[in-house]
Amino acid sequence: NDLAGLAAFLKIHFQAKLEEAYLMDWAITNWKTVLDPLGALLQNYCSVYDTSACDVTKPFCDPSNSAVQKCCAISDFISISYLLTETRGKWDEFILGMFDAAH
């Protein structure tokens, strides 16, 4: 996971913790068996860790993406994984909106 790698890098090289970390996915509840242990691990590296649903095939401003809208308003770093292959180009409007809204 990119988040685990970034958090470990910051702690090892800078003795720093991430203030907040959010994992978002359209099927976030289906990832529970993986994310529960990851969340327990990340408590050592992040002050706040949370998960939420997000649908990149809908516009960023869509009400179903309200959680990611809030995160982007306060985030200093955004990492996106597997988006290109999983949604096959249905993400353009979402990503452009997210970049416009980013902190």
Side-chain angles (χ1 to χ4, degrees):
N1 180 289
D2 297 338
L3 178 58
L6 173 64
F9 176 82
L10 291 173
K11 186 160 186 171
I12 292 166
H13 294 286
F14 298 102
Q15 293 73 46
K17 276 184 150 183
L18 288 172
E19 290 180 29
E20 299 180 32
Y22 301 95
L23 290 176
M24 298 184 182
D25 192 288
W26 176 77
I28 199 75
T29 55
N30 296 340
W31 287 100
K32 187 171 179 51
T33 57
V34 174
L35 295 180
D36 285 350
L38 179 62
L41 172 69
L42 286 174
Q43 289 178 353
N44 297 315
Y45 300 95
C46 302
S47 300
V48 175
Y49 166 79
D50 201 3
T51 61
S52 184
C54 170
D55 187 350
V56 300
T57 64
K58 294 182 179 177
F60 178 79
C61 60
D62 190 89
S64 66
N65 288 323
S66 62
V68 72
Q69 294 164 15
K70 292 174 187 171
C71 289
C72 283
I74 61 170
S75 295
D76 293 322
F77 178 82
I78 299 168
S79 175
I80 302 168
S81 299
Y82 302 108
L83 190 60
L84 298 175
T85 57
E86 288 185 350
T87 58
R88 303 214 182 354
K90 297 176 185 174
W91 46 265
D92 299 26
E93 189 175 356
F94 176 89
I95 294 296
L96 292 174
M98 184 180 69
F99 286 163
D100 286 342
H103 168 65

Exercise. Drop me the distance from N44's CG to K11's NZ, to the nearest 0.5 angstrom.
Key: 5.5 Å

Quiz item: Any side-chain heavy atom of F94 within less than 4.5 Å of one from C54?
Solution: yes

Quiz prompt | Closest contact, heavy atoms only, Q43 versus K17 | solution = O-NZ, 3.7 Å

Quiz item: Would you say the side-chain atoms of K90 pair up with the backbone N or O of K58, donor to acceptor, closer than 3.5 Å?
Solution: no

Quiz item: Same hydrophobic cluster for M24 and W26, using side-chain heavy-atom links shorter than 4.5 Å among ILVMFWY?
Solution: no

Quiz item: What's the verdict on side chain to side chain contact (heavy atoms under 4.5 Å, CB included) for W31 and D25, showing C-alpha distance, side-chain angles and the deciding distance?
Solution: CA-CA 9 Å; W31 287 100; D25 192 288; 3.7 Å; yes

Quiz item: Passes side chain to side chain contact (heavy atoms under 4.5 Å, CB included), C46 versus E20? Steps please.
Solution: CA-CA 6 Å; C46 302; E20 299 180 32; over 6 Å; no

Self-check item: Hydrophobic cluster membership, L35 vs L3, 4.5 Å side-chain cutoff
Solution: yes

Practice problem: Using modelled atom types only, decide if a donor and an acceptor are shared between the side chain of Q69 and the backbone of P63 within a distance under 3.5 Å. | Solution: no

Exercise. Determine whether F77 and F14 fall in the same hydrophobic cluster, where Ile, Leu, Val, Met, Phe, Trp and Tyr are linked whenever their side-chain heavy atoms lie under 4.5 Å apart.
Key: yes

Exercise. Measure across A8 and Y45 and return the closest heavy-atom pair with its distance rounded to 0.1 Å.
Key: CA-CE2, 3.7 Å

Quiz item: If you look at every heavy atom in A53 and I28, which pair is closest and at what distance?
Solution: N-CG2, 3.9 Å

Quiz item: For I95 and F60, what are the C-alpha separation, side-chain angles and deciding distance, and is it a side chain to side chain contact (heavy atoms under 4.5 Å, CB included)?
Solution: CA-CA 7 Å; I95 294 296; F60 178 79; over 6 Å; no

Quiz item: Of the non-hydrogen atoms in T33 and P37, which two are nearest, and what is the gap between them?
Solution: O-CD, 3.2 Å

Self-check item: side chain to side chain contact (heavy atoms under 4.5 Å, CB included) assessment of M98 paired with I78
Solution: CA-CA 10 Å; M98 184 180 69; I78 299 168; 3.9 Å; yes

Practice problem: Find the distance between NZ (K32) and CG (L38) and round it off to the nearest 0.5 Å. | Solution: 12.5 Å

Quiz item: Which pair of non-hydrogen atoms, one from S64 and one from D62, has the smallest distance, and what is that distance?
Solution: OG-OD2, 2.6 Å

Quiz item: Do N65 side-chain atoms and P59 backbone N/O form a donor-acceptor pair below 3.5 Å?
Solution: yes

